[in-house]
Protein chains: 2
Amino acid sequence: MADKDNSVNINSDGTKAAGAYHHGDLRAAVIAAGLKRIEEGEGGELGLRALARDVGVSATALYRHFPDKEALLDALADEGLRRLGALQAQAWLKAGGGSAGFKATGIAYVRFAHDEPALFRLSFTRQMSERKEGEDGGEVAYNLLRAGVGEALPGVKDPDVAALHAWALVHGLAMLVLDRRIAWDEAMVGKVVGLTFGGIA
Amino acid sequence: MADKDNSVNINSDGTKAAGAYHHGDLRAAVIAAGLKRIEEGEGGELGLRALARDVGVSATALYRHFPDKEALLDALADEGLRRLGALQAQAWLKAGGGSAGFKATGIAYVRFAHDEPALFRLSFTRQMSERKEGEDGGEVAYNLLRAGVGEALPGVKDPDVAALHAWALVHGLAMLVLDRRIAWDEAMVGKVVGLTFGGIA
DNA sequence: TCGGCATGTTTACAGTGGAAACATTATGGC
DNA sequence: GCCATAATGTTTCCACTGTAAACATGCCGA
């Protein structure tokens, strides 16, 4: 009973400590492993068993923390949205807000899709049909968008239309980049975004 | 030797005729069955075996016509792009070309995604990495886009940017609709597209 | 007529997601 | 401090998947 904290059985790499029956925080470890696997190696389906192996636990153990594979993927997707939101917020601040910030936010969106293709795809592909709609990790991102529209285009007549326009534009660019329909080219993205949202710095 | 045409063994529903060893045109039948399965019932992964069952043939028979499952999906995806192109061309003509036609083309794009979600997704998700790049079924659609930009916006300074902008915009709307991020609303789509491509009829 | 080639079938295998039953550990009420 | 009970992991099993290999069948040209 030396260390009594609640993560006794986790090794530094997230693997279960040898001989330990209980893991400590399997759920978190699984999510971490999933993200790692997603980050490196775009191809290759993310398998339940492979994930369990990474963490050093039996395959069915995961079912104590997720009702099924879908739920696990949902958790990963949510984390993806959270990261996207964070990156956008960061870009916004770094550019000092305003219309420049707005543009930076859009570019960050597309860059994220380019840098983390599998995660981006997963995050948006997940059908958010009958899940709890409120607590979605994408909230942050969307709120930032609305705020950005308001601040960057004060004179716009219909903010809803403008917001949707901006979102669709970057989302479309992101998907096209990600599906290799077009090449990733930050300058180009900047120009495209600038086309609608006028003479933005 | 009553009927000597090359589809002797196909029943009207695409199934193999009872007792016939050779199918007649399995490849086409499989693709048709795949499309049917894709059209009805968005959910549920499209399985090789299920498809073979539909056509009334053993699972491994498909390997005489497609190197692997991926290739089969590629064929379906290509058909999807072809249909999209056809619908856009039709919309363009119906609207009488020009800027009105351009807008109609964009709306048709999003509508297609809404009407055939699985097919649309499949069509664009397929990594066209090392496949034959030239003979893609999406050529039609893209050429139409470029032509449309030229005709609808004669005074535009950078046609490349404008074309990409238009494509990304509708593609983004399509993906957002398809992933249930936003609801399908033709009027809204019209407004959004109109925002950039000015006072279009 | 016959021989080869295209096309199907059967069988087999490794891998998958998931259900059940069982084992082990942590915890809260006495 | 003791112990029932809930939480968490493990084993075993099942149906299903994509695909390779070997075999069967039918068509078409020499």
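In what follows, every chain begins at residue 1, and chains take the letters A, B, ... in the order their sequences are listed. The figures that follow rest on heavy atoms only: side chains count, while hydrogens, waters and symmetry mates do not.
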Does the pair A/Lys36/A/Glu40 count as a salt bridge with the N-to-O cut at 4.0 Å?
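No, this pair does not count.
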Please tell me if A/His65 has a side-chain N or O lying less than 4.0 Å from either OP1 or OP2 of D/dA7.
no
Whole Å only: how far is the [atom1] atom of [X] from the [atom2] atom of [N]?
X: A/Arg27; N: D/dG9; atom1: CZ; atom2: P; result: 13 Å
X: A/Arg49; N: D/dG9; atom1: CZ; atom2: C1'; result: 15 Å
X: A/Leu62; N: D/dA7; atom1: CG; atom2: P; result: 19 Å
X: A/Leu46; N: C/dG17; atom1: CG; atom2: C1'; result: 13 Å
X: B/Tyr63; N: C/dT9; atom1: OH; atom2: P; result: 15 Å
X: A/Leu51; N: C/dG17; atom1: CG; atom2: C1'; result: 13 Å
X: A/Phe66; N: D/dT8; atom1: CZ; atom2: C1'; result: 14 Å
X: A/Arg64; N: D/dA6; atom1: CZ; atom2: C1'; result: 11 Å

Nearest to the side chain of [X], which nucleotide is it out of [options]?
X: A/Arg53; options: C/dT16, C/dT9, D/dT10; value: C/dT16
X: B/Leu26; options: C/dG18, D/dT10, C/dG8; value: C/dG8
X: B/Thr60; options: D/dG9, C/dG8, C/dT11; value: C/dT11

Report yes or no: is there a donor-acceptor pair, N or O only, under 3.5 Å between the side chain of A/Ser58 and the base of D/dT11?
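No such pair is found, so the answer is no.
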Should the ring pair [X] and [Y] be called parallel, tilted or perpendicular, given that the plane angle runs from 0 to 90° and is split at 30 and 60?
X: A/Trp167; Y: A/His171; result: perpendicular
X: A/Tyr109; Y: A/Phe120; result: perpendicular
X: A/His114; Y: A/Trp184; result: parallel

If you count the non-hydrogen atoms of other residues, nucleotides and ligands that lie under 6.0 Å from NZ in B/Lys69, is the total more than 12?
yes
Nearest heavy atom decides the nucleotide; on that basis, is A/Ala59 or B/Lys69 closer to the 5' end of DNA chain D?
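Its nearest nucleotide being more 5', the pick is A/Ala59.
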